[in-house]
Enquirer: 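Handing you this structure, nothing more for now.
Basis for what follows: all heavy atoms, side chains included, without hydrogens, waters or symmetry-related copies. These numbers were taken from a predicted model, which means no experiment stands behind them.
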Amino acid sequence: MSETLTRPDTNLATLERTAPTVVKLGGSCLDALADGWWDDLARHGHEQPLVLVHGWSKPLKRLHPRYSEPSAVLRDRYGNQSRWTTPEVIADIKTVSAGMAEDVFARLERRGIAAERLLGSEGLVFAGEGERWWWRDKQLVELENLVGPITGVDPTALKNTQPGHAYLVTPLARNAVGQEVNTDADRAAAALAGATGARDLVLVTDVAHLLIDGEPVREITAEAAAAFRDKGATGGMRKKLRAAGEALERGVERVVIGSAPVSDLLAGRTGTVITRS
């Protein structure tokens, strides 16, 4: 199993020519991205290769009402939440992913960007053993939940990281015994950014900034973001801050969180920029 979470051993000139911008597209906000947002992404994509990683929470809930029920989410003994993932859920993730890919490809190809879909479980993303003890009906019980922490990324699966081309990655992974498992999309994007030598990771979500004490944060260090993550952040933002820290540890120069066009986020005109120091 490959475990290439750090930057590939590449000379600087090659790295700057081929390293992509990694953009995580939140499943909750994808429908709300206007034509102007896609125009901007395409302009960026003509100058820089793109690796897009998509979430699927909202499309999965549209597929079947059971995914909106509280029982669809588990909490482990440490308090971490996870979607209860069975082989049937994996199949449904693939179904909604295929539909999302058609939509994304149509938007990009109209703007001159060639795109292809890649399942992380197809030799790209690898996962370790998942947690087996989960709270159910106020009892801690052992359950098979097909999830796992990312342990490795093999960037050679991304064979065409060139300007004018985009990959759309579904963040599934393969574990040590060959099972296909669910992974967190933000953290998968962080691992991909580190493994591909990306300078920037952009986490596109449905909020404009990180908020601390109700105030928008324009820029924050990784250390301060981690402190807030552990003491004040909740839900999806807590996962995004964890992913940001992991990306920076793996060599990414900056992580930006926000809802604006990618060029505006990268220019620091809006959103929250997280840096190592």
Side-chain angles (χ1 to χ4, degrees), residues 20-45 50-70 72-73 81-83 85 89-120 166-172 182-190 192 200-211 216 234-240 243-244 255-266 269-272:
T21 298
V22 178
V23 181
K24 191 267 180 167
L25 301 172
S28 62
C29 70
L30 196 58
D31 292 344
L33 298 175
D35 283 346
W37 191 94
W38 292 100
D39 292 341
D40 175 84
L41 181 68
R43 284 193 294 270
H44 185 80
L50 293 171
V51 174
L52 311 176
V53 182
H54 71 81
W56 53 64
S57 57
K58 189 174 180 180
L60 204 58
K61 290 174 182 178
R62 282 201 300 257
L63 182 69
H64 199 286
R66 66 174 175 270
Y67 292 121
S68 298
E69 297 173 359
V73 176
Q81 286 189 339
S82 169
R83 179 171 297 283
T85 305
V89 174
I90 295 284
D92 284 346
I93 288 171
K94 291 181 178 180
T95 296
V96 299
S97 172
M100 294 169 70
E102 288 183 9
D103 179 52
V104 170
F105 290 176
R107 292 174 185 273
L108 291 177
E109 288 169 1
R110 284 200 301 269
R111 294 165 171 86
I113 300 292
E116 60 185 293
R117 177 186 174 214
L118 184 61
L119 297 178
Y167 283 100
L168 180 67
V169 177
T170 299
L172 297 172
N182 185 5
T183 67
D184 177 71
D186 292 310
R187 298 177 75 180
L192 283 160
D200 302 304
L201 169 62
V202 182
L203 302 177
V204 178
T205 184
D206 55 1
V207 297
H209 303 86
L210 168 67
L211 298 176
T234 59
M237 186 55 72
R238 186 175 184 182
K239 288 186 177 183
K240 284 174 173 51
V255 179
V256 192
I257 300 173
S259 58
V262 166
S263 294
D264 288 340
L265 293 170
L266 290 176
R269 289 188 284 268
T270 185
T272 298

Enquirer: Grab the two heavy atoms, one from Gln81 and one from Lys239, that are nearest each other, plus how far apart they are.
Expert: O-NZ, 3.9 Å
Enquirer: List in chain and number order the residues that pass side-chain contact (heavy atoms from CB on, under 4.5 Å) with Val202, two or more places apart in sequence or in another chain; answer none if no residue qualifies.
Expert: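 In terms of side-chain contact (heavy atoms from CB on, under 4.5 Å), with neighbours along the sequence ignored, Val202 is linked to Thr21, Val23, Val204, Val262, Leu265, Leu266.
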Enquirer: Can you list everything that forms a side-chain hydrogen bond (donor to acceptor under 3.5 Å, both in side chains) with Arg83? Sequence neighbours excluded, please.
Expert: none
Enquirer: What's the separation between atom CG in Leu33 and atom CG in Asp103, rounded to the nearest 0.5 Å?
Expert: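 Taking CG in Leu33 and CG in Asp103, the distance rounds to 9.5 Å.
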Enquirer: Under the salt bridge (charged side-chain N to carboxylate O under 4.0 Å, His left out) definition, can you give me all pairs with a residue in residues 52-65, not counting sequence neighbours?
Expert: Asp31-Arg62
Enquirer: CH2 of Trp37 to CG of Leu30: how many Å apart, nearest 0.5 Å?
Expert: 8.0 Å
Enquirer: Please confirm whether the backbone N or O of Pro171 pairs with a side-chain atom of Thr183, one donor and one acceptor, at under 3.5 Å?
Expert: yes
Enquirer: Under 3.5 Å, which donor-acceptor pairs do the side chains of residues 89-99 form with other protein atoms, sequence neighbours left out?
Expert:
unit_1 : atom_1 : unit_2 : atom_2 : d
Asp92  : OD2    : Arg66  : NH2    : 3.0
Asp92  : OD2    : Tyr67  : OH     : 2.5
Lys94  : NZ     : Glu180 : OE1    : 2.8
Lys94  : NZ     : Glu180 : OE2    : 3.1
Thr95  : OG1    : Ala91  : O      : 3.1
Ser97  : OG     : His54  : NE2    : 3.1
Ser97  : OG     : Arg117 : NE     : 3.2
Ser97  : OG     : Arg117 : NH2    : 3.2
Ser97  : OG     : Thr170 : OG1    : 2.4

Enquirer: Is any side-chain heavy atom of Ser263 less than 4.5 Å from a side-chain heavy atom of Arg43?
Expert: no
Enquirer: Ser259 and Ala208: which non-hydrogen atoms are nearest, and at how many Å?
Expert: OG-CA, 3.5 Å
Enquirer: Which value, rounded to the nearest 0.5 Å, describes the distance between Asp186 atom CG and Met237 atom CE?
Expert: 9.5 Å
Enquirer: Considering the options Val53, Val51, Leu50, Val104, which one meets the side-chain contact (heavy atoms from CB on, under 4.5 Å) requirement together with Leu168?
Expert: Val104
Enquirer: What's the separation between atom NZ in Lys24 and atom CG in Asp184, rounded to the nearest 0.5 Å?
Expert: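 Rounded to the nearest 0.5 Å, the NZ-CG separation comes out at 7.0 Å.
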Enquirer: What are the two closest heavy atoms between Val22 and Ala189, and how far apart are they?
Expert: CG1-O, 3.7 Å
Enquirer: Can you tell me how far the OG1 atom of Thr272 sits from the NZ atom of Lys240, to the nearest 0.5 Å?
Expert: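 That separation rounds to 12.5 Å.
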Enquirer: Not counting sequence neighbours, which residues clear side-chain hydrogen bond (donor to acceptor under 3.5 Å, both in side chains) with Arg269? List them please.
Expert: Asp264
Enquirer: Give me the atom names and distance for the closest heavy-atom approach of Leu172 to Asn182.
Expert: CD2-CA, 4.1 Å
Enquirer: Between side-chain atoms of residues 109-116 and protein atoms elsewhere (two or more places apart, or another chain), which donor-acceptor pairs fall under 3.5 Å?
Expert:
unit_1 : atom_1 : unit_2 : atom_2 : d
Arg111 : NE     : Asp39  : OD1    : 2.6
Arg111 : NH1    : Arg107 : O      : 2.8
Arg111 : NH2    : Asp35  : O      : 3.4
Arg111 : NH2    : Asp39  : OD1    : 3.2
Glu116 : OE2    : His165 : NE2    : 2.8

Enquirer: For Ala190 and Leu201, work out which heavy atoms get closest and say how close.
Expert: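 Scanning both residues completely, I find the closest heavy atoms to be CA-CD2, 3.8 Å.
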